[in-house]
Novice: 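Pasting a structure here, questions to come.
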Amino acid sequence: MTDTFLSKIDGDAAAQPNFWQALEEVARDVLPIEKAHSEFAKARVLHRLAEPDRILSFRVVWEDDAGDVQINRAWRVQASNAIGPYKGGLRFHPDVTVDTLKFLAFEQCFKNALTGLPLGGAKGGANFDPRGRSNAEIMRFCQALMRQMARFIGPDLDVPAGDINVGTREIGYLFGAWRQLSDSYAAALTGKGLSYGGSQMRIEATGYGLIYFVACMLAEQGKGLDGQRIAISGRGNVATHAAGKAIDLGGTVITLSSTSGTLYAPDGLTKEAVEWVQERKAAGEEMNAPPTSLGASFHADKTPWEFEPDIALPCATQNELTRDMACMLAEAGTQLVAEGANMPLTSDAAALLARKGIPRAPGKAANAGGVAVSGLEISQNAHGRYLSADEVDRALKDIMQTIHSRVAEEGRKDGQIDYQLGANIAAYRKLAKAIAEQGIV
Ligand code: NDP
């Protein structure tokens with residue numbers, strides 16, 4: 001069934017490996033549901049979701065500190081607004097391509113559907129490398145990007161947020177440019193600073209939400225976080241906030257990592273150690289000389305998955321965890337994997353874990369906390385009533401627990417939960433109903 005479906009998808013997509021991988025994984029799970037519902041099959045829901053509503057491509061021209069003209073490419077993939085305005089992050093990374101953004105926008109449609117909020121799916125970004133760039137250069141790049149993008153976003157149209165290398169600083173510059181270009185204060189971006197309309201807890205939301213989801217997975221196994229040895233990859237927004245919350249809840253976080261290697265603390269990182277990691281990243285510095293007081297060592301040649309964790313949380317980037325690494329985890333007795341990053345496992349790594357019966361929560365469910373709090377930011381901006389950090393945290397926990405219940409309900413089979421299947425089906429049902437009921441558009 002999946003092969004027949006894929007054979008009808010436009011040839012360009014097959015040459016986009018990340019998008020193809022995401023589409024194939026979803027198709028396998030949801031085509032039986034589409035086939036079983038004639039209204040979904042007639043509407044050709046999955047085929048329509050496989051083709052973004054539009055892909056906008058921008059040339060971004062800006063001046064560097066030396067006065068030289070720099071040219072980058074940027075895109076915004078608006079995948080589907082069937083259940084709400086387009087919503088999804090912006091990524092700055094030299095490896096960004098249309099393929100990357102198409103896969104992320106496709107996944108975002110499913111993730112946003114799982115949150116229960118009225119949010120469509122999109123993703124954007126640029127092949128801009130912020131490494132070594134000054135603050136002024138980052139600002140000029142953000143302003144140049146917004147000059148191109150401003151007319152295609154807006155609170156009822158498309159609401160970008162951050163992603164890799166796009167944090168509060170970049171959102172600030174983007175929002176400043178949007179405000180000037182649009183003569184409006186409308187909430188066209190989320191992840192804003194607290195002094196100009198941001199939500200409490202938006203920065204922490206993805207990482208905290210991931211840990212709340214993991215707590216639900218552990219509860220299914222009759223366990224808690226206390227004493228679990230947790231390996232986390234990455235050292236960015238998602239990774240470090242997940243680490244902080246895991247430590248708060250009694251977990252032993254044994255690793256964080258960067259593109260250069262892994263910081264390993266056999267007795268667990270402290271909150272101070274996590275702050276030290278955040279400071280190194282903010283300064284653009286490596287973690288290769290940790291103070292002895294941190295009780296951690298740096299391993300340039302190792303990944304976090306080599307340190308025999310009970311729980312593995314990939315929080316860096318797509319396809320970072322390969323089959324060999326998944327083998328290592330299975331042999332070490334790892335009990336669960338939950339994805340802070342989007343599609344961090346290669347297909348064969350995911351298949352291996354499934355064969356070994358190791359539960360794995362896909363990013364579209366486990367990292368949905370970030371977009372969920374972005375949804376809360378939009379409604380706070382619309383109503384002018386702002387929630388306290390405690391209120392947002394409670395709402396986040398509630399949303400993650402609800403996502404877990406929906407996913408578990410759809411994915412439960414033979415006494416186990418297939419989280420990928422459950423997430424795909426729960427999200428598909430919502431999207432399919434909305435698409436089929438709105439006619440052929
Ligand atoms: P950040 O830019 O804050 O951090 C990214 C981290 O990943 C960095 O530590 C970086 O290493 C590392 N990294 C990037 N590429 C690679 C690579 N090829 N190999 C190893 N490490 C790598 O990004 P976020 O934390 O925001 O995002 C991380 C993941 O989470 C992404 O997949 C993103 O799509 C996903 N996500 C983010 C959300 C958010 O709210 N921010 C929401 C939902 C999902 P280095 O320090 O060396 O650069």
Side-chain angles (χ1 to χ4, degrees), residues 1-9 13 18-53 77-88 102-123 213 339 342-343 345 347 350 354 359-368 371-372 375 399-400 402-413 417-441:
M1 199 187 304
T2 308
D3 288 345
T4 312
F5 167 78
L6 291 173
S7 70
K8 293 186 184 137
I9 300 292
N18 287 296
F19 174 67
W20 200 248
Q21 180 182 341
L23 179 62
E24 198 170 9
E25 287 175 9
V26 168
R28 228 178 7 241
D29 290 343
V30 309
L31 284 173
I33 308 292
E34 184 157 301
K35 199 167 171 220
H37 291 77
S38 58
E39 71 279 24
F40 299 164
K42 189 163 185 306
R44 299 183 69 190
V45 167
L46 189 61
H47 202 140
R48 281 159 71 176
L49 284 168
E51 192 61 48
D53 287 354
V77 178
Q78 296 177 334
S80 168
N81 62 355
I83 62 169
Y86 302 109
K87 181 90 197 84
K102 250 181 92 176
F103 117 68
L104 288 164
F106 177 74
E107 287 287 291
Q108 194 82 42
C109 295
F110 287 76
K111 181 188 310 194
N112 293 1
L114 283 176
T115 65
L117 300 172
L119 303 169
K123 200 82 185 188
F213 197 91
E339 301 177 354
N342 289 307
M343 206 172 75
L345 271 70
S347 289
R360 174 184 63 91
K364 69 193 90 180
N367 72 29
V371 75
I399 290 169
M400 297 315 293
T402 306
I403 294 175
H404 184 274
S405 308
R406 282 197 193 116
V407 168
E409 192 182 326
E410 296 283 3
R412 211 177 284 281
K413 59 173 195 193
I417 299 170
D418 181 336
Y419 283 91
Q420 168 118 337
L421 180 77
N424 283 336
I425 292 180
Y428 173 83
R429 280 194 206 281
K430 174 156 183 176
L431 289 163
K433 207 163 166 350
I435 289 170
E437 286 178 5
Q438 290 175 46
I440 302 167
V441 289

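We're numbering straight along the sequence, starting at 1.
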Novice: For R48, enumerate each residue passing the side-chain hydrogen bond (donor to acceptor under 3.5 Å, both in side chains) test, keeping only those at least two apart in sequence or located in another chain.
Specialist: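 Counting only residues at least two positions away or on another chain, R48 forms no side-chain hydrogen bond (donor to acceptor under 3.5 Å, both in side chains).
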Novice: Please check this pair: side chain of N81 against backbone of G84, looking for a donor-acceptor N/O pair closer than 3.5 Å.
Specialist: no
Novice: Using every non-hydrogen atom in the two residues, find where F110 and A427 come nearest and quote the distance to one decimal.
Specialist: O-CB, 3.3 Å
Novice: Please identify each residue that fulfils side-chain contact (heavy atoms from CB on, under 4.5 Å) with T2, with sequence neighbours left out.
Specialist: L6, E24, A27, R28, L31
Novice: Go through the structure and list residues passing salt bridge (charged side-chain N to carboxylate O under 4.0 Å, His left out) with K87, not counting sequence neighbours.
Specialist: none
Novice: Given side chains that start at C-beta, do those of F5 and L23 come closer than 4.5 Å, heavy atoms only?
Specialist: yes
Novice: Decide yes or no for L117 and N112: does some side-chain heavy atom of the first lie under 4.5 Å from some side-chain heavy atom of the second?
Specialist: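 A side-chain contact under 4.5 Å is absent here.
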Novice: Taking side-chain hydrogen bond (donor to acceptor under 3.5 Å, both in side chains) as the test, write out the residues that go with Q78, two or more places apart.
Specialist: R54, D158
Novice: Of the non-hydrogen atoms in E25 and S347, which two are nearest, and what is the gap between them?
Specialist: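 Heavy-atom minimum between the residues: OE2-OG, 3.0 Å.
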Novice: What are the two closest heavy atoms between V407 and A365, and how far apart are they?
Specialist: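 Closest heavy-atom pair between V407 and A365: CG2-CB, 4.2 Å.
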Novice: With heavy-atom distances below 4.5 Å as the criterion, would you say the side chains of Y428 and V45 are in contact?
Specialist: yes
Novice: Among all residues two or more places apart in sequence or in another chain, which pass the side-chain contact (heavy atoms from CB on, under 4.5 Å) test with A354?
Specialist: none
Novice: Tell me, which pairs form a side-chain hydrogen bond (donor to acceptor under 3.5 Å, both in side chains) where one or both residues lie in residues 35-45, sequence neighbours left out?
Specialist: R44-H47
Novice: For the atom pair CG (L114) and CD1 (I403), what is the distance rounded to the nearest 0.5 Å?
Specialist: 6.0 Å
Novice: Sequence neighbours excluded, which residues qualify as side-chain contact (heavy atoms from CB on, under 4.5 Å) partners of N367?
Specialist: K111, T206, N342
Novice: For a quick test of reading the model, state the closest non-hydrogen atom pair linking H404 to Y419 and the distance between them.
Specialist: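 Minimum heavy-atom separation between H404 and Y419: NE2-OH, 2.8 Å.
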Novice: At what distance, to the nearest 0.5 angstrom, does CD1 of I83 lie from CD1 of I435?
Specialist: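 Going from the CD1 atom of I83 to the CD1 atom of I435 covers 9.0 Å.
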Novice: For the residue pair Q438 and A82, what are the closest heavy atoms and their distance?
Specialist: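 Looking at all heavy atoms of both residues, the shortest contact is NE2-O, 2.9 Å.
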Novice: Got a sec, which residues hit salt bridge (charged side-chain N to carboxylate O under 4.0 Å, His left out) with E410, two or more places apart in sequence or on another chain?
Specialist: R429
Novice: Check D53 against S80 and note the closest heavy-atom contact, atom names and distance.
Specialist: OD2-CA, 3.6 Å
Novice: Applying salt bridge (charged side-chain N to carboxylate O under 4.0 Å, His left out) as the test, list every pair that has at least one member in residues 430-441; sequence neighbours left out.
Specialist: K433-E437
Novice: If the condition is salt bridge (charged side-chain N to carboxylate O under 4.0 Å, His left out), which residues does R406 pass it with, not counting sequence neighbours?
Specialist: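 R406: no salt bridge (charged side-chain N to carboxylate O under 4.0 Å, His left out) contacts found.
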Novice: If we count only N and O atoms by modelled type, under 3.5 Å, do the side chains of K364 and N424 hold a donor and an acceptor together?
Specialist: yes
Novice: Got a sec, which residues hit side-chain contact (heavy atoms from CB on, under 4.5 Å) with A366, two or more places apart in sequence or on another chain?
Specialist: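 Scan of A366 (side-chain contact (heavy atoms from CB on, under 4.5 Å), adjacent residues dropped) gives L210, F213, A338, A361.
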Novice: With rounding to the nearest 0.5 Å, note down the distance linking CG in L345 to CE in M343.
Specialist: 10.0 Å
Novice: Step by step, work out the side chain to side chain contact (heavy atoms under 4.5 Å, CB included) result for V26 and E107.
Specialist: CA-CA 9 Å; V26 168; E107 287 287 291; 3.9 Å; yes
Novice: Enter the distance from I425:CD1 to Q420:CD here, rounded to the nearest 0.5 Å.
Specialist: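 Between atom CD1 of I425 and atom CD of Q420 there are 10.5 Å.
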Novice: Checking F103 now: which residues fulfil ring pair (Phe, Tyr, Trp, His ring centres under 6.0 Å) with it, not counting sequence neighbours?
Specialist: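 Expected list: none.
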Novice: What's the separation between atom NZ in K102 and atom CG in L104, rounded to the nearest 0.5 Å?
Specialist: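 Rounded to the nearest 0.5 Å, the NZ-CG separation comes out at 12.5 Å.
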Novice: Is the side chain of Q108 donor-acceptor paired with the backbone N or O of K123 at a distance under 3.5 Å, no angle test?
Specialist: no
Novice: Is the shortest heavy-atom distance from the side chain of L119 to the side chain of Y86 under 4.5 Å?
Specialist: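 Result no, sub-4.5 Å side-chain heavy-atom pair not found.
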